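The structure appears below as structure tokens.
Sequence positions, counted from 1, serve as the residue numbers for this chain. Computed from a prediction, not measured in an experiment: that's the story for all the values here.
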Amino acid sequence: MTRATSTDSAAARLAEVRARIADAAREVGRDPSEVHLVAVSKTFGAEAIIPVIEAGQRIFGENRVQEAQGKWPALKERWPDIELHLIGPLQSNKARDAVKLFDVIQTIDRPKIARVVSREISEIGRSPRLLVQVNTGEEPNKAGIAPTEAVDFTRYCQDELGLHIEGLMCIPPIDEEPAIHFAFLAKLADQCGVSRLSMGMSADYETAVEFGATWVRVGSAIFGPREKG
């Protein structure tokens, strides 16, 4: 009985998030199919993830490579159409594992990691889709390339390293109006010549959709309160 209740709740929350994304898109004249939901499953085990998969969700996000390695290979074997995104900072010593496991890496944020990822792609022969993470708030303790360097860095990744950068990602400062950062990221994406925008989380994903998000990263609004770990 407890499991059924949990499953129903997960499915209902997922449906609500999807409906709100669609409504937000229509309000600004966008096609809802342009916006893709990344269900952020960090800290949640397979028992919490499976009901969301069974409810039809196929795109998931994880913050840590090692945590993802512990649960996603078996899930991806069972559901081969799952698309897994790395949305947390990538360390160079985890780049090979990330290239092997993830379908999208959203957090290319410095020349060193770009070079390592380029090398691993060449050696492994597997090419995850890539985004550049931009530190739009220029917060000293947050990952991401500085906004003033984003255009040159994206060109460096593309022209010198041969990486196909599809878009940009950001996490606005928690104490600032997110719309300002979403609008800024969209402008930067135009300057970089890329079309994908990963922005918006549980508290602000509808706003992100209004400003052009093509991926929104939603965790607690789907899975419930975050488990500690």
Is any side-chain heavy atom of R18 less than 4.5 Å from a side-chain heavy atom of Q57? yes

Which side-chain N or O atoms in residues 207-214 pair as donor and acceptor under 3.5 Å with protein atoms at least two apart or in another chain?
residue	atom	partner	partner atom	Å
T214	OG1	L197	N	2.8
T214	OG1	L197	O	3.2

Consider only side-chain heavy atoms of I, L, V, M, F, W and Y, link residues closer than 4.5 Å, and tell whether V132 and V194 are in one cluster. yes

Can you list the residues that meet the salt bridge (Lys or Arg N to Asp or Glu O under 4.0 Å) rule with E138, with sequence neighbours excluded? none

Taking the side chain as everything from C-beta on, heavy atoms only, tell me whether V104 gets closer than 4.5 Å to L130. no

Residues pairing under ring-ring contact (aromatic ring centres under 6.0 Å, His included) where one sits in residues 103-153, two or more places apart or in two chains, turn out to be none

Enumerate the residue pairs fulfilling side-chain hydrogen bond (donor to acceptor under 3.5 Å, both in side chains) with a member in residues 98-112, sequence neighbours excluded, ordered by first and then second residue. K76-D103, H85-Q106, D103-R126, Q106-S198

Treating Ile, Leu, Val, Met, Phe, Trp and Tyr as nodes and any side-chain heavy-atom pair under 4.5 angstrom as an edge, say whether I121 and V116 lie in one connected cluster. no

Who passes salt bridge (Lys or Arg N to Asp or Glu O under 4.0 Å) against E16, sequence neighbours left out? R20

Decide whether Y205 and I59 are clustered together by the hydrophobic rule: side chain heavy atoms of Ile, Leu, Val, Met, Phe, Trp, Tyr closer than 4.5 Å, transitively. no

Between I49 and F223, is any pair of side-chain heavy atoms under 4.5 Å apart? yes

Got a list of side-chain donor-acceptor pairs under 3.5 Å for residues 166-186, not counting sequence neighbours?
residue	atom	partner	partner atom	Å
E166	OE1	R129	NE	3.2
E166	OE1	R129	NH2	3.1
E166	OE2	R129	NE	3.0
E176	OE1	H181	NE2	2.8
E177	OE2	A179	N	3.2
H181	ND1	T136	OG1	2.9

Side chains of E27 and E206 in contact at under 4.5 Å (non-hydrogen atoms): no

Quick one: list whatever passes salt bridge (Lys or Arg N to Asp or Glu O under 4.0 Å) with R58, sequence neighbours left out. D81

Are I53 and L37 in one and the same hydrophobic cluster, where Ile, Leu, Val, Met, Phe, Trp and Tyr link if side-chain heavy atoms are under 4.5 Å apart? yes

Could you list all the ring-ring contact (aromatic ring centres under 6.0 Å, His included) pairs where at least one residue sits in residues 46-69, not counting sequence neighbours? F60-W72

Can you name the residues that form a salt bridge (Lys or Arg N to Asp or Glu O under 4.0 Å) with R115, not counting sequence neighbours? none

Determine which pairs satisfy side-chain hydrogen bond (donor to acceptor under 3.5 Å, both in side chains) with at least one residue from residues 183-197, sequence neighbours left out, and list them in order. none

Determine which pairs satisfy salt bridge (charged side-chain N to carboxylate O under 4.0 Å, His left out) with at least one residue from residues 148-162, sequence neighbours left out, and list them in order. none

Going only through I, L, V, M, F, W and Y residues with side-chain contacts under 4.5 Å, is there a path from F102 to V117? yes

Under a 4.5 Å cut-off applied to non-hydrogen side-chain atoms, are I145 and N135 in contact? no

Quick check: do I87 and E62 have side-chain heavy atoms less than 4.5 Å from each other? no

Partners of S33 by side chain to side chain donor-acceptor pair (under 3.5 Å), sequence neighbours excluded? D31

